[in-house]
Amino acid sequence: MRETRPALAETLSRIGSLIGDGRSRDDVLDVEQLSNASGVPRDVVRMLLDGEEPPAEDITDRIVRRIVHLRETRLRPDGTRHSYDEIAASYGASRASLSNLVNSRRKTPSPQMPSRQALSRQGLSEQVPSEQMLSEQVPSQQTGERRPARSGGPLASTQAGIETFFFGQPNGWLSAEPQTSLDNALQSVLHGLEREAADPMARLRGTHGLRELAARAPQLAEEELQLVTDWIDTILQRRNAQRVRGSGSDSSHTEGH
């Protein structure tokens with residue numbers, strides 16, 4: 001298992017090396033999508049992308065916040081939220097037990113992670129009680145990453161049941177640390193950039209919307225195709241830059257009149 005912080009730093013470093021000229025990290029990393037996929041609040045996603053440490057969070061509050069997040073973002077096919085009834089029934093619990101858990105720990109309607117100051121005002125500990133909840137590790141079927149498992153108890157069965165309802169199996173998604181959650185969410189971005197690097201045309205399709213490259217020769221060698229796509233990429237970047245400068249010049253001219 002990779003250590004949480006080095007794993008995230010390694011993933012971000014790899015993404016940075018694959019972005020290439022003409023694009024920035026903001027062009028390929030959508031904070032909203034990463035937040036939805038990971039369950040990490042948007043402001044904390046930004047902190048982690050900038051290499052900052054997120055505020056500590058009580059693990060039960062984290063689990064409850066992510067339960068709410070799943071109901072808001074993983075909707076039924078008709079666009080409505082799953083009810084507490086159907087979620088609880090899927091693992092043999094009552095609606096009251098699940099709704100009581102959520103309502104007892106939910107401080108505000110906002111999914112944002114509380115700050116250290118807010119935690120202090122509420123009399124909550126900044127230390128995560130990891131020994132009780134994170135006693136072992138289990139692998140995630142989708143990514144192969146090993147994620148925090150749960151020990152016994154009512155909250156443990158609730159977490160496992162809800163993860164099974166939304167993901168098909170218990171995977172530690174509800175309790176994983178923000179760094180681990182974001183790292184897992186970034187894997188799809190990383191794999192997409194790796195595919196682009198292996199396929200020169202993929203970069204042109206993704207960056208410039210170019211659909212097809214017609215060549216005079218019946219087939220280009222890999223090195224030749226790379227040179228051609230690099231050349232096209234440079235031309236299109238210059239053309240786009242000229243359009244931006246031209247738009248700015250036209251605006252200034254109009255304002256002057």
Side-chain angles (χ1 to χ4, degrees), residues 1-5 7-8 11-12 29-45 47-49 54-76 81-84 86-93 97-99 101-102 105-106 110-114 128-191:
M1 181 185 68
R2 298 190 302 172
E3 292 293 331
T4 297
R5 288 164 181 77
L8 178 59
T11 297
L12 289 173
L29 298 183
D30 187 313
V31 170
E32 184 73 26
Q33 290 180 0
L34 290 172
S35 177
N36 286 343
S38 65
V40 178
R42 293 182 296 276
D43 58 340
V44 179
V45 169
M47 291 175 66
L48 292 171
L49 292 178
E57 181 180 31
D58 179 89
I59 195 166
T60 304
D61 287 343
R62 180 190 302 158
I63 290 171
V64 169
R65 179 175 54 75
R66 290 184 181 177
I67 291 172
V68 175
H69 177 84
L70 285 174
R71 288 191 69 233
E72 296 289 343
T73 59
R74 273 65 166 181
L75 304 175
R76 295 190 184 111
R81 290 180 297 182
H82 293 281
S83 69
Y84 285 129
E86 63 179 312
I87 297 172
S90 72
Y91 59 93
S97 65
L98 179 55
S99 61
L101 169 66
V102 171
R105 304 292 296 208
R106 198 175 179 186
S110 169
Q112 298 300 308
M113 181 181 290
V128 174
S130 57
E131 292 183 2
Q132 189 176 35
M133 294 292 296
L134 309 180
S135 58
E136 58 182 288
Q137 303 288 322
V138 294
S140 165
Q141 195 173 53
Q142 286 101 343
T143 66
E145 286 288 321
R146 294 177 66 82
R147 293 179 172 181
R150 297 144 303 280
S151 58
L155 184 57
S157 62
T158 297
Q159 181 180 349
I162 292 173
E163 288 170 353
T164 299
F165 181 85
F166 284 102
F167 302 111
Q169 66 168 2
N171 60 7
W173 191 91
L174 288 173
S175 61
E177 292 186 5
Q179 293 91 338
T180 299
S181 298
L182 181 58
D183 183 58
N184 286 329
L186 285 167
Q187 295 309 304
S188 61
V189 178
L190 175 59
H191 296 158

Problem - For Ala93, side-chain contact (heavy atoms from CB on, under 4.5 Å) partners two or more places apart - result: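 side-chain contact (heavy atoms from CB on, under 4.5 Å) check on Ala93 returns Ala88, Tyr91, Ser97.
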Practice task
Name all residues meeting the side-chain contact (heavy atoms from CB on, under 4.5 Å) criterion together with Glu86; count only those two or more places apart in sequence or in a different chain, and write none if there are none.
Solution key: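 If we apply the side-chain contact (heavy atoms from CB on, under 4.5 Å) test to Glu86, skipping adjacent residues, the hits are Arg76, His82, Ser83, Phe165.
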Identify the two heavy atoms, one from [X] and one from [Y], that lie closest to each other, and give their separation to 0.1 Å.
X: Arg66; Y: Ser181; result: NH1-OG, 3.2 Å
X: Leu48; Y: Gln179; result: CD2-CG, 3.8 Å
X: Asn171; Y: Glu163; result: N-OE1, 3.0 Å
X: Ile87; Y: Ile162; result: CG2-CG1, 3.9 Å
X: Ser90; Y: Gly161; result: OG-O, 4.2 Å
X: Tyr84; Y: Ser99; result: CD1-CB, 3.9 Å

Practice task
Output the distance between atom CG (Leu8) and atom OG1 (Thr180), rounded to the nearest 0.5 Å.
Solution key: 8.5 Å
Completion exercise
Between the CD1 atom in Ile59 and the OG atom in Ser175, the distance rounded to the nearest 0.5 Å is 5.0 Å
Exercise for the section: Check the pair Val44 / Leu182 against side-chain contact (heavy atoms from CB on, under 4.5 Å), numbers first and verdict last. Expected result: CA-CA 10 Å; Val44 179; Leu182 181 58; over 6 Å; no
Taking the side chain as everything from C-beta on, heavy atoms only, tell me whether [X] gets closer than 4.5 Å to [Y].
X: Val189; Y: Thr11; result: no
X: Thr158; Y: Leu174; result: no
X: Pro178; Y: Arg62; result: yes

Problem - Test item: His69 side-chain N/O and Arg65 main-chain N/O as donor-acceptor pair under 3.5 Å - result: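 A pair under 3.5 Å: no.
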Handout entry: salt bridge (charged side-chain N to carboxylate O under 4.0 Å, His left out) against Arg81, all qualifying residues, sequence neighbours excluded
Key =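 Residues passing salt bridge (charged side-chain N to carboxylate O under 4.0 Å, His left out) with Arg81: Glu72.
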Exercise for the section: Go through the steps to decide whether Asn36 and Thr73 satisfy the test side chain to side chain donor-acceptor pair (under 3.5 Å), and finish with yes or no. Expected result: CA-CA 7 Å; Asn36 286 343; Thr73 59; 5.4 Å; no
Exercise for the section: List in chain and number order the residues that pass side chain to side chain donor-acceptor pair (under 3.5 Å) with Ser188, two or more places apart in sequence or in another chain; answer none if no residue qualifies. Expected result: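 Partners of Ser188 by the side chain to side chain donor-acceptor pair (under 3.5 Å) criterion come out as none, since no residue qualifies.
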Fill in the blank from the handout: Residue pairs meeting salt bridge (charged side-chain N to carboxylate O under 4.0 Å, His left out), one or both in residues 164-176, sequence neighbours left out, come to none
